[in-house]
Each structure stands twice: as structure tokens, then as C-alpha cells.
Amino acid sequence: MSTSADPARRTESPSAPGTGTGTGPGPGPGPGPGPGPGPSRRRVLGAATVGGLALAAGLPGVGHAAEPPLLGTYDVVVIGSGAAGMTAALTAAKQGLSCVVVEKAATFGGSAARSGAGIWIPNNPVILAAGVPDTPAKAAAYLAAVVGPDVSAERRQAFLGQGPAMISFVLANSPLRFRWMEGYSDYYPELPGGLPGGRSIEPAQLDGNILGAELARLNPPYLTVPSGMVVFSADYKWLALSAVSVKGAAVATECLARGTRAALLGQKPLTMGQSLAAGLRAGLLTAQVPVWLNTPLTDLYTENGATAGAVVTKDGIPGLIRARHGVIVGSGGFEHNAAMRAQYQQQPIGTEWTVGARENTGDGIQAGRRAGAALDLMDDAWWGPAIPLPGQPYFCLAERTLPGGLLVNAAGARFVNEAAPYSDVVHTMYERNETDPDIPAWLIVDQNYRNRYLFRDIAPTFTLPDSWYASGAAHKAWTLDALAAGIGVPAAALRATVNRFNGLARSGTDTDFHRGDSVYDHYYTDPAILPNSCLAPLWLAPFYAFKIVPGDLGTKGGLRTDARARVLRPDGSVIPGLYAAGNASAAVMGHSYAGAGSTIGPAMTFGYIAALDIAAAARA
């Protein structure tokens with residue numbers, strides 16, 4: 001897997017400034033207590049000026065004297081080169097529309113390139129070919145049960161109806177291929193229509209050589225893969241068990257064999273988000289869609305009441321890109337904007353706990369608001385428990401679920417099913433924090449746990465980095481009382497909590513928080529542990545504590561859109577010419593999370609929908 005990126009600037013520009021480049025049409029294409037949990041917790045930017053410009057976004061009929069230099073005119077302008085933006089641009093190009101993608105960063109791919117690239121799309125051709133027993137009726141029932149009234153039935157149906165077509169389109173118009181993430185359950189499989197075997201897919205291995213020099217401009221992954229290995233997202237559950245599981249050892253061997261084969265063939269193997277971003281970029285190269293890096297959005301351009309372009313800064317100079325038919329905002333969320341997080345989200349909050357792309361500061365959301373857009377879901381994010389390690393936080397998946405660990409709060413007490421969907425765990429942390437502080441929480445494990453399981457990328461029995469301890473992210477002690485003193489929780493309470501947990505683990509039934517009642521709870525666990533693969537007692541000193549804070553993959557609130565991805569005003573009317581997809585728009589998942597890839601699947605789908613809607617209007 002490629003693990004580095006050259007920050008060299010793209011120098012692509014329109015082949016004919018003022019006209020754009022045309023392209024011909026191409027081929028078409030975790031839960032709360034109790035069994036059968038319902039989706040947890042239902043909750044349903046400031047004005048800025050353009051420096052040095054007399055351009056007032058949102059005001060119709062801006063005079064030409066106030067306009068910055070014209071950089072080009074295209075049928076469609078796409079803001080952002082993540083999964084939403086590149087899917088939208090590829091769709092627009094294959095509909096015969098000229099298109100340009102502008103990207104703030106020096107690299108392409110955004111948060112998608114950093115991710116595991118799970119894609120949740122019910123009834124997609126990949127899972128149906130694999131024999132997954134999905135149907136439109138099951139998918140509709142499940143999504144309605146998960147999301148509830150937070151999102152309109154029309155938007156849910158648009159996602160479910162167009163998602164499979166989007167996957168078929170991407171397969172037909174890019175080198176991307178996908179694999180079913182077999183066994184990665186929907187997050188609430190007990191709800192009507194839920195599938196215990198899961199609906200998620202991920203990109204297959206891709207040779208980065210297809211990008212040529214452009215590969216150096218791919219945004220690096222969030223975590224690097226061990227040298228010489230080729231690893232898929234679905235492999236990680238087994239790699240964590242490679243020291244204690246025959247299948248885990250076999251998967252590790254296969255990962256190494258893939259790497260060896262790729263090296264012998266002279267390939268640059270990419271998987272997960274690296275494969276997804278590279279494959280979409282390869283599609284854009286073939287379709288001759290320019291991607292301008294180092295080109296941040298300054299504002300949207302409005303003319304005669306419609307969005308008619310984007311003001312950007314390219315090579316340090318403000319300029320205008322006109323859009324004949326529409327602008328699609330796919331610029332990501334606002335996870336790295338401290339002021340916006342403080343304004344819209346619960347405390348404690350900040351920018352240091354997110355793993356989203358650092359350029360995601362809400363630029364597209366703010367520009368849309370200035371153009372009159374309504375905002376939704378601004379209080380929420382794609383949450384997950386994170387360990388604030390030095391350098392960057394670690395989004396904690398398997399580690400809090402594996403048997404032999406438990407989460408405690410400031411009182412030294414358990415407060416949640418540790419194996420619940422990651423967004424649910426953080427929702428619980430925030431809901432309880434004011435009256436029963438759970439931020440930070442602590443993941444408590446023992447040496448038996450450390451002897452058995454991978455922790456982030458630290459092999460079993462290996463010493464944790466000194467920097468983890470120095471930063472306060474990790475603590476170690478030979479007794480529970482000493483560990484309690486180190487993390488500032490009552491020693492007697494921690495001892496009592498661990499003793500009770502050990503009794504529940506031996507019985508195999510968590511009567512307190514029902515850990516293990518859901519099929520989902522068992523995904524990141526150890527099948528060798530009986531009678532409940534989620535639960536094992538803590539008994540072997542020394543003991544460890546890891547600080548747990550509300551991390552996220554990105555924010556999920558943004559511009560309000562309809563079933564056609566058109567941006568809406570507070571009164572429900574459409575802002576002509578303006579579309580949004582991905583984390584710049586309010587999520588179709590509402591305050592919940594249907595399954596692995598509930599971020600990327602809808603992002604790509606609504607990017608596809610937006611481009612199709614623009615193309616239909618252009619032909620009308």
C-alpha cells in the first residue's frame with residue numbers, strides 16, 4: 001500500500017479557458033442494552049467576507065466589474081475530491097458534461113483516502129452476486145427502523161434506489177472492483193430487515209501504477225499497513241487474533257503472500273481508502289476531468305438568483321469558475337474547525353480527536369449557508385471512541401470489543417456495552433457526561449489481554465511506546481488500586497467493577513449491559529473464548545488503562561438537501577444550481593449508523609444523484 005504522498009501541486013488547467021473541456025458519454029452502468037436494540041439516541045455557520053474581492057455571495061446579479069479573473073467555464077463545478085466529489089465528477093463527465101474538480105488540499109482523496117473504505121449499499125450487485133439474501137423491501141424496512149423520522153422517506157428511498165446503480169456505474173467507468181465484507185453485520189441486525197451477514201463492500205486490490213505520477217498526489221492513509229503486506233479492511237478482525245487463532249495466522253500469511261506477489265509483479269498495491277480514491281481518480285483521468293489541487297473554495301458565485309459558479313484561490317490568486325448548469329459541494333465536514341465545533345456541538349469537543357482530513361474546515365458548508373442554505377444535524381458526527389495518542393488519535397474498533405477489557409467512567413463504573421456500534425458508545429458518553437462524567441472514559445485490560453491480541457499496530461506481548469505513557473493516553477500498574485490512582489478514579493469502585501465484570505464474563509451473560517446479545521457485538525471478538533466470545537475476566541497483572549475520548553471519522557451535519565441532492569433553504573425551497581453530497585450535507589443516516597460504510601456509501605450515491613439531476617436538467 002502506498003503510504004506517502006508528494007505535496008507537489010497539480011498544474012492541470014482548462015484546455016480552453018472560458019469554455020471548459022467536454023467529454024462524450026460513456027457506458028452506463030453499535031446498540032443500547034437488551035436484545036434486539038433499536039437505534040440509540042435520536043437528536044435531531046457565521047458570515048464571512050471574501051478578502052480582496054467585492055464579490056458578495058448570495059446576492060443576485062453581481063456586476064462584472066466586481067468579478068475576479070475568469071479561470072474557465074464548465075457545465076459542472078465540483079468542490080472536493082473525496083468519494084462524493086469524484087463520483088459526482090465521473091458521473092457528470094459520462095453524461096457528456098464538461099466538469100472540473102477543485103480541491104483545497106495538495107492531495108486528492110480527502111477523508112475517503114484515509115479510511116477503511118467500507119461502503120454500505122443494500123442490494124448492490126456485488127453482494128447479490130455473492131448470494132447475500134437482500135431485497136429492496138428488507139433494505140427499506142431496515143433503514144426506516146434505524147433512521148426513524150429524522151430523514152424523509154424520499155431521501156431514504158433515493159439512496160436505496162440509486163445506490164446499486166451507482167456501484168454498477170463505478171464498476172463500468174473505473175478500474176475499481178469490490179469485495180463483500182462477509183460477516184460484517186449490519187449494526188442493528190435484530191431490527192426488521194437487518195442482515196447478520198452484512199451488506200458492506202470494500203474496494204479490491206488496485207495497482208497504483210495505473211495513476212503514474214498522479215499516485216504521488218494521493219492523500220496518505222490514516223494508518224499505514226505493515227511493510228510487505230496487502231491488507232483489506234475485513235482482514236483486521238483476524239489480524240488482531242493472529243497470535244491465538246489458526247484463522248488469524250492464516251489471514252496474516254495471506255496478507256504477506258499478497259504483498260510478495262505484488263512485489264514480484266512490480267505492482268504498487270493499494271487497498272481500502274487508497275484503492276477507492278485511486279480508482280476514482282483513474283476514472284477521472286480516462287474521462288479527461290481536470291482536478292485542481294491547492295485550490296480552496298472561497299465562496300459560491302450567484303447570478304440571477306442561481307448558483308452559477310465558484311470563487312476559488314488558485315496558485316494564490318482569486319479566480320472565478322463559472323458553472324453553466326450546477327455546482328456540487330462535496331468538500332467534507334467541519335471537524336477541523338474549532339469555532340464551528342464549539343458553536344454547534346456538545347462539550348468537551350475540539351479538533352484534536354478526529355481522524356478526518358485536516359483540510360475539512362467546513363468551507364463548503366459556510367459558503368452554502370451564505371447562499372441561503374438551511375443546515376441540519378450540525379450537533380452530530382460519525383462518532384467513535386478514540387485514544388488520544390501522540391501525533392494523532394486512534395479510532396478504537398476491535399480493542400474495546402475484544403474479551404478481557406471493559407470501559408469505566410470517572411466513578412470507576414461501567415456505563416455502556418463496550419461492543420456496541422461505535423457511534424452509540426460516544427452518544428452515550430455525551431448523554432451521561434453532565435451528570436455522571438464519562439469523558440474521558442478508560443479502557444481497562446490486563447496482561448492476559450495484551451499477551452493475546454494486537455493493539456493498534458503493537459503485537460501481543462510487545463512493550464507499548466513510552467510516548468503513550470508520557471502523554472497520559474496509557475497507564476500501567478501492578479494492582480488495580482495503583483491503576484485507579486494513576487487515572488484518578490476511586491480504587492474501591494474500580495475493584496468492585498472489575499470483580500462484577502469477571503463474574504459476568506465467567507457466566508457468559510452480561511446482565512448489566514447485554515454485551516454479546518447482538519450478532520454485531522461478536523464481530524471484533526475471539527471465537528476461542530467461551531461461553532461468550534465478547535467476555536473474559538481480567539486476572540493477570542500488570543493492568544492497563546487507555547484514555548477514551550469522543551473521536552470521529554468526520555462530522556455528519558451540513559447543508560440540507562432533498563432526494564435529488566439539491567440544496568434547500570430554510571423554507572424548503574430549492575437554491576437553483578446548488579447541490580451537495582458527502583459530509584458537506586446533512587447525512588441520510590440521520591443520528592444513527594446503519595452499517596460499515598454508512599458514510600462513504602451515501603456520499604458516493606448522492607454525488608451520483610446530483611450529477612444525474614444536473615444532466616437531466618441540462619437536456620430539458
Side-chain angles (χ1 to χ4, degrees), residues 30-31 35-37 115-135 138-139 142-143 146 167 177-191 193-205 230-242 244-255 258 271-273 275 384 395-403 417-424 453-454 515-535 593-601:
S115 74
I119 301 172
W120 194 82
I121 300 281
N123 293 294
N124 74 71
V126 178
I127 64 172
L128 294 182
V132 175
D134 203 3
T135 68
K138 286 181 182 178
Y142 178 68
L143 193 60
V146 169
I167 292 295
R177 297 296 176 263
F178 298 101
R179 302 156 40 108
W180 176 37
M181 299 175 73
E182 183 175 2
Y184 202 154
S185 167
D186 286 341
Y187 287 177
Y188 307 97
E190 293 80 19
L191 289 179
L195 295 186
R199 294 173 159 104
S200 302
I201 60 176
E202 64 171 312
Q205 182 177 330
V230 174
V231 180
F232 296 105
S233 280
D235 294 332
Y236 272 105
K237 64 170 289 184
W238 294 110
L239 293 179
L241 305 175
S242 58
V244 293
S245 162
V246 172
K247 182 167 182 178
V251 168
T253 300
E254 174 57 24
C255 291
R258 289 187 205 122
T271 59
M272 297 183 281
S275 175
F395 196 86
C396 194
L397 290 173
E399 292 81 3
R400 65 183 168 82
T401 301
L402 287 163
N417 169 11
E418 295 88 351
Y422 32 92
S423 58
D424 287 0
Y453 308 126
L454 186 77
R515 179 169 165 182
D517 284 6
S518 172
V519 172
Y520 171 80
D521 294 0
H522 292 269
Y523 184 72
Y524 286 113
T525 56
D526 184 350
I529 300 299
L530 299 173
N532 185 335
S533 69
C534 295
L535 300 171
Y593 212 133
S598 291
T599 308
I600 294 177

Search all heavy atoms of [X] against all heavy atoms of [Y] and return the closest pair with its distance.
X      : Y      : value
Asp521 : Ala419 : OD1-O, 3.5 Å
Leu241 : Pro527 : CD1-CD, 3.9 Å
Gly116 : Ser233 : O-OG, 2.7 Å
Ala420 : Arg400 : O-NH1, 3.0 Å

Inset, instruction - Check the pair Phe232 / Gln205 against side-chain contact (heavy atoms from CB on, under 4.5 Å), numbers first and verdict last. - result: CA-CA 8 Å; Phe232 296 105; Gln205 182 177 330; 4.0 Å; yes

Inset, instruction - Report yes or no: does Trp180 contribute a side-chain atom to a donor-acceptor pair with the main-chain N or O of Gly198 at less than 3.5 Å? - result: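 Yes, because the side chain of Trp180 sits within donor-acceptor range (under 3.5 Å) of the backbone of Gly198.
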
Legend entry - Side-chain (Ser275) to main-chain (Ala204) donor-acceptor, under 3.5 angstrom: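 Between the backbone of Ala204 and the side chain of Ser275 there is a qualifying donor-acceptor contact (under 3.5 Å).
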
Non-neighbouring partners of [X] that pass side chain to side chain donor-acceptor pair (under 3.5 Å), sequence neighbours left out:
X      : value
Glu399 : Tyr394
Glu254 : Arg261
Arg258 : Asp235
Arg515 : Glu418

Inset, instruction - Sequence neighbours left out, what passes ring pair (Phe, Tyr, Trp, His ring centres under 6.0 Å) with Tyr523? Give chain and number order. - result: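 Per chain and number, Tyr523 pairs via ring pair (Phe, Tyr, Trp, His ring centres under 6.0 Å) with Tyr184.
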
Inset, instruction - Not counting sequence neighbours, which residues clear ring pair (Phe, Tyr, Trp, His ring centres under 6.0 Å) with Phe178? List them please. - result: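 Partners of Phe178 by the ring pair (Phe, Tyr, Trp, His ring centres under 6.0 Å) criterion come out as none, since no residue qualifies.
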
Hey, are the side chains of [X] and [Y] touching, using non-hydrogen atoms and a 4.5 Å cut-off?
X      : Y      : result
Ile529 : Leu535 : no
Trp120 : Ile201 : no
Pro203 : Arg177 : no

Euclidean distance, [Y] [atom2] relative to [X] [atom1], rounded to 0.5 Å:
X      : Y      : atom1 : atom2 : value
Arg179 : Thr271 : CZ    : OG1   : 9.0 Å
Lys237 : Ser245 : NZ    : OG    : 9.5 Å
Ser598 : Ile119 : OG    : CD1   : 11.5 Å
Thr401 : Asp526 : OG1   : CG    : 12.5 Å
Ile121 : Ile600 : CD1   : CD1   : 10.5 Å

Under the side chain to side chain contact (heavy atoms under 4.5 Å, CB included) test, residues paired with [X] that sit two or more places apart:
X      : result
Asp134 : Pro122, Asn123, Ile127, Leu128, Val132, Lys138, Ala139, Leu195, Arg199
Ala250 : none
Pro196 : Pro189, Val519
Ser533 : His522, Thr525

Inset, instruction - Using the side chain to side chain donor-acceptor pair (under 3.5 Å) rule, take Tyr422 and Tyr187 through it: C-alpha gap first, then chi angles, then the decisive distance, then the call. - result: CA-CA 9 Å; Tyr422 32 92; Tyr187 287 177; 2.5 Å; yes

Inset, instruction - May I ask you to check whether Tyr524 and Tyr236 place their ring centers less than 6.0 Å from one another? - result: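 Centroid separation for Tyr524 and Tyr236: 6.0 Å or greater.
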
Inset, instruction - Report the C-alpha distance between Asp186 and Tyr520 in whole Å, list the side-chain angles of each, state the deciding distance to 0.1 Å, and finish with yes or no for side chain to side chain donor-acceptor pair (under 3.5 Å). - result: CA-CA 7 Å; Asp186 286 341; Tyr520 171 80; over 6 Å; no

